[in-house]
Structures are given as structure tokens and as C-alpha cells.
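Let me begin by presenting the structure, written as C-alpha cells, before commenting on it.
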Amino acid sequence: MGENSVSGTQFKISVRGLVEFILRSGDLTGGSGRLQDPDAMLAGSRLHRRLQDMAGVGYKAEVPLREVADCGPFAIVLEGRADGVITDENGHVTIDEIKGVFRPVATLEEPYPVHLAQAKCYGWIYGRQQGLSALTIQMTYGDLDEFIKGTGRPHPRYFRQTYTVEELEEWFAPILEEYKKWMRQQWEWLQTRRDSIQGLAFPFPYREGQRQLVEGIYRTIVHGRQLFVQAPTGVGKTLSALYPSVMAMGTGRCDRIFYLTAKTVTRTVAAQAVSQLEGKGLRCRAIILTAKEKMCPLAQGENGQMECDPTRCPRAKGHFDRVNDAVFDLLGQDVMYTETVIAAQAERYQVCPHEMALDTAGWCDVIVGDYNYVFDPRIRLKRFFGETARKEKHIFLV
């Protein structure tokens, strides 16, 4: 979902999150994600500061930008920070976007499309708000390998192009319209979810001690604390924890519930608890996350090997051209997103089922999965807990 969060009738997203979500395309690869490595991210920040320091007079670094698009019952708040705004002696403005890459920048023939799109968004916001007729977009690329090795002064590669603000407006309009489609569906869903939670009854007569457990968990959520519960088998701990969490979501005290366990059978119990609440009228998007090796069609085949390589996996080829349509269609289906449902949808759209499941999870209210998705820093869901994760309120039922 990008870096979204919901505040009242406002949906907030960063400029980077918007373009990476709406404009993503191409193949899925099994790369190591080197740019997401903490050391690489630190080096990228240092490279940014070094290039900004080299820019000289007339360069204003880290310029915050914000634009609000009124969409009737809700608004989209677009936020970002331009790496630099340069104003020359004639008053002409250049928006600078700095990117670190692990390759010799001399080999670049043109900017990466998603990088340029991010800079053009900044240009549209700044030009519109400042009443400019035209401005220049400058893409500044630095070689992170070279910078990390400490070879001295960076040797950036620049790409520049001048646009009228009207051209940027025409370019940006369809991107915003596409995102409005997602936000309209999400806004409608949030109303449906909220209405279904109001007056939601506990699905069974309370067992001995169960009401006290439900009330204790709700108070814990209200006060933002942690609760450790030891109770015998048969008390109904899963439903007793899930019900007050859902009620707290209905009052805006949380945006998403994570139910975490090490056992597949326990995930099944959690799914049954959600179904029991749905039997009482709850409308809830719930997904059960399954390990990649259990979902990968290649791993289940004769070879038994996961190969996230577009030359070997037809689903990896063009995955990002199709996955948004697959997720949007799935979100319109009133079902629990089990492994079987995900696999069928991935087959229909010929996309990677595991990656599609992770994308779908970004729009879900309840996520059921392994402990490691939250607690293991190597494989945790960075879209929820990474440095660029959206600011949301989570409940963790472990």
C-alpha cells in the first residue's frame, strides 16, 4: 500500500511511496536487496549530505513539501522532502533529486523512471505552490560502491530536463486518479468495517473467567500496555484476545491486528476465531501468511527449487505489471485470504503468490502469520516495520 496511514478522512502517502506503488513495473528478481541493507542506507544518507554540501550557494537542502487533494468524502495528503531546491541569479528554479546506486554512474544513459517520477512530483508540488510557469528537474546520481570505499570526492552524474508546470500537471493527473481508485475502495471498506464492529457481540456465552480476560485485554489496549496471560487450555484464549482487539479497532485505537504463532494449527484456530466473529456480522479483511517455499509453484514442481528469476519463472517475468490488478481485484472479494485463495488469484493473474500475499497484507485488518514476520530482523515485514514504514497503530497477539 505504500507508506499510507489513515487519519480521520485523510489518507497520507509519501511521494516516493506513491510513485513506487502506482508506477512499479517489470520483473520480480531474487536480488539481495542491497539498497535496503542498513549499512547501504547509512552510506546513502552520507552521500546525500556530501553532495548537498558540494552544491554551493543558492542550494536549499531538504525542502519539505505537502499537497492535499480533495476527493469528496476523503482527502489524499501527499508529503515529501526534496533533496534540494536551487534558485539561480535569474530566479529559475531547479529541483534536485539525489540517488545512490551500486553501479558506475558513467554507465547510466538516463535516470531510472521511478526516480525521475519522484522528482517530477516534487517539481509539480513546488511549481504549483510557488506560482512558477516552468522549472528544471535535476537527477543527481552517485556511485555508492565508490563512496563506501572512501575514494574521496564523489563524482556525480547529472541529468537535467526543463518542464512547464502545466506539463507536470498533465503527467501527474492520471497517477493521482489511479491512486484515488485505491483510496476510494479503502475509504468505503473502512466505513463498512467500522459499521460492522459497532454493537458486535461476543459469539458465545462467556465461559468461567473469559469475560475478565476480554475486559483485561481491552483495558491493556486502551492504556497502550503489555499483558502476559497464562490460562489453561479450553478457556478460549484466541477468541478472548481477538474480540477486544477488533472492538478497539472499531473505536480507532488500532489500525491493524497481528496474530503471531509458530504453529500452523494455531493459525488455523485464529482463522476460525475470525470466522466466528464474521458469523456475528463482522466485516474484516483477514489474511493467513504462508512461508514462501510452501506457496512457490516452482518449489512444488519436479525441480523443487524456488527461482525468482524471470528467465526461469514465468510469473516473475512482468510480475509488477500485473500484481496491482491482482491485489485490487482480490480486495473486492468478500473472503478470507487463505493460502488457497491467494494461490488461485496468483494463478489467475500469473504473479508470484508469496509477493502478492505480502502486498495484499498491506490492506488487511488482521494478519495471521509466523512470529518471524515481526520479530526476526532478517525476514520481518519491512513494509510494516522498516524505516519507511507508515505510522500506524498495531496490536500484537502472540
Glu146 and Lys149: CA distance, side-chain angles, deciding distance, salt bridge (Lys or Arg N to Asp or Glu O under 4.0 Å) verdict: CA-CA 5 Å; Glu146 179 185 59; Lys149 292 173 184 175; over 6 Å; no

Steps toward side chain to side chain contact (heavy atoms under 4.5 Å, CB included) verdict (Trp189, Arg283): CA-CA 9 Å; Trp189 174 253; Arg283 298 289 302 282; 3.8 Å; yes

Side chain to side chain contact (heavy atoms under 4.5 Å, CB included) evaluation trace for Val15 with Ile125: CA-CA 10 Å; Val15 168; Ile125 295 173; 4.2 Å; yes

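The backbone N or O of His92 lies less than 3.5 Å from no partner atom in the side chain of Asn90, so there is not a single donor-acceptor pair.
Across every non-hydrogen atom of Thr140 and Pro156, the tightest pair is CG2-CB, 3.8 Å. Asp359 approaches Trp363 most closely through the heavy-atom pair O-CD1, 3.4 Å. What you find for Met306 and Glu293 is that their closest heavy atoms are SD-CA, 3.5 Å. Counting all heavy atoms, side chain and backbone alike, Val214 lies closest to Tyr243 at CG1-CD2, 3.9 Å. Between Val368 and Ala270 the shortest heavy-atom distance is CG1-CB, 4.0 Å. What you find for Val93 and Val85 is that their closest heavy atoms are CG1-CG1, 3.9 Å.
For the salt bridge (charged side-chain N to carboxylate O under 4.0 Å, His left out) test with Asp27, the passing option among Arg322, Arg312, Lys317 is Lys317; the others fail. The residue from Gln191, Gln185, Met183 that alone fulfils the side chain to side chain contact (heavy atoms under 4.5 Å, CB included) condition with Trp187 is Gln191. Between Ile257 and the choices Val274, Asp365, Leu397, the side chain to side chain contact (heavy atoms under 4.5 Å, CB included) rule is met once, by Leu397.
How far SG of Cys364 is from CD1 of Ile287: 4.5 Å, rounded to the nearest 0.5 Å. Rounding to the nearest 0.5 angstrom, the gap separating the CG atom in Asp143 from the CD1 atom in Ile148 is 9.0 Å. Put simply, CG on Asn324 and NZ on Lys181 are 8.0 Å apart, with the number rounded to the nearest 0.5 Å. Thr268 contributes atom OG1, which lies 6.5 Å from atom CD1 of Ile288 (distance to the nearest 0.5 angstrom).
Geometric assessment of Arg207 against the ring of Phe204 yields a negative cation-pi assignment under the 6.0 Å and 45° thresholds. A cation-pi contact, defined as under 6.0 Å to the ring centre and within 45° of the axis, is absent between Lys99 and Tyr112.
Aromatic ring pairs are classed by plane angle as parallel below 30°, tilted from 30° to 60° and perpendicular above 60°; the pair Trp182 and Phe21 is perpendicular. A parallel orientation is assigned to the rings of Phe202 and Tyr206, their planes being inclined by less than 30° (bins at 30° and 60°). Taking the six-membered ring where tryptophan is involved, the planes of Phe396 and Phe375 are tilted, since the angle between them lies from 30° to 60°.
Under 4.0 Å is where a charged nitrogen must lie from a carboxylate oxygen, and between Glu339 and Lys294 no such pair does.
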